[in-house]
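Down below is the structure, laid out as structure tokens.
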2 protein chains.
Amino acid sequence: MLKLISKIYLIMKNISQEDYISVIYKHRDTEGLIRSTTIADRMSISNAAVTDMLRKLSRDGLIYYTKYKGISLTGEGEEFAVNLVRRHRLLEMFLYKIVNMPWEKVHEEAERLEHGASEELINRLEEMLEFPDYDPHGDPIPSKTGKIPQARSALRLDYMESGKTAVVVRVNDYDHEFMTYISSVGIIMDTELTVKNHLKFDNSIVLSIHGKELNISHKIASNIFVQEKEGEA
Amino acid sequence: MLKLISKIYLIMKNISQEDYISVIYKHRDTEGLIRSTTIADRMSISNAAVTDMLRKLSRDGLIYYTKYKGISLTGEGEEFAVNLVRRHRLLEMFLYKIVNMPWEKVHEEAERLEHGASEELINRLEEMLEFPDYDPHGDPIPSKTGKIPQARSALRLDYMESGKTAVVVRVNDYDHEFMTYISSVGIIMDTELTVKNHLKFDNSIVLSIHGKELNISHKIASNIFVQEKEGEA
DNA sequence: ATATTAATTTAAGCATACTTAAATTTAATG
DNA sequence: CATTAAATTTAAGTATGCTTAAATTAATAT
């Protein structure tokens, strides 16, 4: 029989484990590998702490780990990670659609809530939300069975040609200020916009949204993803 | 400048602190005092751990603590505790009314969520719920300013006379099975019921609910609180 | 091939809350 | 008043994840 320890140690362990697996899943390369230094950077902890924890995650069967080699998720780890993503994004959706929090705040709020939310709560929220496929920033939400909707094929806004019209289908959600700004100028999910002009001197872009013109930087435009509307010139 | 430690230590500290203050607030006597052994029992931890933590809570200004004396909350501790109660009960209300979770599950789910939920989220939920004064079990919900609605004056169900009609205004929410059972027989908040008979041989009570008769034990009846309806015999 | 640099691991120790066992203090009892 | 019991504190150590500094390994430059 397992030795019972105080619940605070279990909470601590679970939170850390979830954070590590989330970071590995999000920041691994196209071959599914990540370096320990990347994990340390993303989590703002020491390299040594990462080495320690990788040994434990390996022992728990969630990752493949050999010294000095890249780290990758096992099948079980993959499933665990996909479930964490699902929980996070459903919580974000709930906070955005039902609670009406500004979308630049939902990411951090969901980060805190996801550790305590039960599977039952997540499933009930999914039902309330009518089984959404994408979160407020356009990222796909895995289903209960782990099936991931396809990321909608999208074009970076800065790659759009002048004169074309498109709708916003995804934005990068890592920067608070970025998201606050773009929503303040009317750029949110499903917003329709037309590129009026590309300005060469600073690579900024002139857009028309609901008949109103505005100028956004190249940096901002490169973090917004759109789908062009068909049959328009 | 404060030494920065990893966020996991802060999370751990906050969770513990909140748990201690909640227990002190809930289980203190009518004079506002609690013994350390009571805290240890309620939290399933050792007496020594409690002594350690009490010193810290006192250092942080949340409690009055002298060795071998009873423990009590400071003004700041009281405010902190009332806010914890508010958050817990609004979360319970949200889970019950909006998410439609069974009321025997909302207590534990709220226990887990309350540590991560921000003040902003709690305030938004309160607004969505239209500023409720009582939680699903009938306990009062403090307002944002700390004002506590009066507990509705209520009678224990087992004290009701035969022939009288009443509505359920509060139930004790500490026992999972109890709450599952009474809701399965149709006894929830605001349920109207009539006491038909008190049986002497086992002190049980015969009730009529929606025209259906049922028998409940004295133990169950003593954990249900009602308000008699006026003008009926 | 060698030297240097960067990445990672190891070893020792720390942050927070807890446990166990022994000691101290208080309360209850005869 | 003495004794016993119960409550609480103290001291030493543990559970979990982390930090710092030194050592090891791998990658890179010459």
Side-chain angles (χ1 to χ4, degrees), chain A residues 1-24 27-29 31 33-60 62-72 111 115-116, chain B residues 1-24 27-29 31 33-60 62-72 111 115-116:
Chain A
M1 129 118 73
L2 284 172
K3 175 177 161 54
L4 280 174
I5 54 165
S6 286
K7 69 170 191 168
I8 193 68
Y9 300 133
L10 194 58
I11 291 171
M12 192 184 197
K13 179 188 160 89
N14 286 344
I15 289 175
S16 276
Q17 197 170 71
E18 289 173 7
D19 285 351
Y20 275 83
I21 296 298
S22 287
V23 162
I24 292 169
H27 300 292
R28 62 190 176 173
D29 63 20
E31 280 158 19
L33 297 172
I34 191 170
R35 291 153 62 213
S36 57
T37 249
T38 302
I39 297 170
D41 290 344
R42 292 291 177 180
M43 295 184 67
S44 303
I45 57 176
S46 69
N47 287 309
V50 175
T51 300
D52 259 5
M53 182 57 80
L54 291 181
R55 279 195 301 99
K56 292 164 187 171
L57 293 175
S58 177
R59 182 196 62 203
D60 290 347
L62 295 176
I63 64 169
Y64 296 109
Y65 170 65
T66 312
K67 288 180 179 183
Y68 296 101
K69 300 287 190 264
I71 297 112
S72 64
E111 292 266 76
H115 297 304
Chain B
M1 132 116 73
L2 284 173
K3 176 176 161 51
L4 280 174
I5 53 164
S6 286
K7 70 168 190 168
I8 193 70
Y9 300 134
L10 195 57
I11 290 171
M12 192 184 196
K13 178 186 159 90
N14 286 343
I15 288 175
S16 277
Q17 199 171 69
E18 289 173 6
D19 285 352
Y20 274 82
I21 297 298
S22 286
V23 162
I24 292 169
H27 300 292
R28 60 189 178 176
D29 63 22
E31 281 157 18
L33 297 173
I34 191 170
R35 292 154 60 215
S36 58
T37 249
T38 302
I39 298 171
D41 289 344
R42 292 291 178 180
M43 296 185 65
S44 304
I45 58 176
S46 68
N47 288 308
V50 175
T51 300
D52 260 3
M53 182 57 79
L54 292 181
R55 281 195 300 100
K56 293 166 188 169
L57 294 174
S58 176
R59 184 195 62 203
D60 290 348
L62 295 175
I63 63 170
Y64 296 110
Y65 170 64
T66 312
K67 286 181 180 184
Y68 295 100
K69 300 288 189 262
I71 296 110
S72 64
E111 293 264 80
H115 297 303

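Below, each value reflects all heavy atoms present in this structure, side chains not excepted, and no hydrogens, waters or symmetry copies. Just so we're clear, the structure is a prediction, and the values are computed from it rather than from any experiment. Residue numbers begin at 1 in each chain, while the letters A, B, ... track the order of the sequences.
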* Asked: What residues form a side chain to side chain donor-acceptor pair (under 3.5 Å) with A:D41, not counting sequence neighbours?
  -> none
* In whole Å, what is the span from the CZ atom of B:R35 to the C1' atom of D:dT9? -> 15 Å
* Which residues pass the salt bridge (Lys or Arg N to Asp or Glu O under 4.0 Å) test with A:R42, sequence neighbours left out? -> none
* Classify the nucleic acid contact of A:S36 as base, sugar-phosphate or nothing, counting any heavy atom under 4.0 Å across all strands shown. => sugar-phosphate
* In whole angstroms, how far is the C1' atom of D:dT19 from the CD1 atom of B:I5? -> 12 Å
* To do: To the nearest Å, give me how far apart CD1 (B:I39) and P (D:dA7) are.
  => 14 Å
* Between A:L10 (CG) and D:dG17 (C1'), how many Å, whole number? -> 14 Å
* Asked: With sequence neighbours excluded, what pairs up with B:R28 under the side chain to side chain donor-acceptor pair (under 3.5 Å) test?
  -> B:E78
Show me the donor-acceptor pairs, under 3.5 Å and distance only, between side chains in residues 47-54 of chain B and residues at least two apart or in other chains.
unit_1, atom_1, unit_2, atom_2, d
B:N47, OD1, B:T37, OG1, 3.2
B:T51, OG1, B:N47, O, 3.2
B:D52, OD1, B:R55, NH2, 3.3

* Asked: Can you check the A:I34 CD1 to C:dT8 P distance for me, whole Å?
  -> 10 Å
* Please examine the side chains of B:L57 and B:Y65, heavy atoms only from C-beta on, and report whether any two atoms are closer than 4.5 Å. => no
* Under the side chain to side chain donor-acceptor pair (under 3.5 Å) test, residues paired with A:D29 that sit two or more places apart -> none
* Structure fact -> Sorted by chain and residue number, the side-chain contact (heavy atoms from CB on, under 4.5 Å) partners of A:S22 (sequence neighbours excluded) come out as A:L84
* Examine C:dT9: is either OP1 or OP2 under 4.0 Å from a nitrogen or oxygen in the side chain of A:Y65? Give yes or no. => yes
* Asked: Any side-chain N or O of A:T37 less than 4.0 Å from the OP1 or OP2 oxygen of C:dT8?
  -> yes
* **Rounded distance [0.5 Å steps], CD1 in A:I71 versus CD1 in A:I39** => 4.5 Å
* **Rounded interatomic separation in angstrom, taking CG from A:D60 and C1' from D:dG17** => 14 Å
Donor-acceptor contacts, no H, no angles, side chain residues 5-16 of chain A, under 3.5 Å, sequence neighbours left out:
unit_1, atom_1, unit_2, atom_2, d
A:N14, ND2, A:L10, O, 3.4

Identify each atom pair where a protein N or O and an N or O of nucleotides 17-19 of chain C are less than 3.5 Å apart, giving names and distance.
unit_1, atom_1, unit_2, atom_2, d
C:dA17, OP2, B:K56, NZ, 3.3
C:dA17, O3', B:S16, OG, 3.3
C:dA17, N3, A:Y9, OH, 2.6
C:dC18, OP2, B:Y20, OH, 2.9
C:dC18, O4', A:Y9, OH, 3.1
C:dC18, O3', A:S6, OG, 2.6
C:dC18, N4, B:D52, OD2, 3.3
C:dT19, OP1, A:S6, OG, 3.2
C:dT19, OP2, B:S46, N, 2.4
C:dT19, OP2, B:S46, OG, 2.8

* To do: Round to a whole Å and report the spacing from CD1 of B:I71 to C1' of D:dT8.
  => 10 Å
* **Whole-Å distance separating the CD atom of B:E18 from the P atom of C:dT16** => 16 Å
Collect all protein-nucleotide pairs involving nucleotides 22-26 of chain D in which both atoms are nitrogen or oxygen and the distance is under 3.5 Å.
unit_1, atom_1, unit_2, atom_2, d
D:dT24, O2, A:Y68, OH, 3.0
D:dT25, O4', A:Y68, OH, 3.1

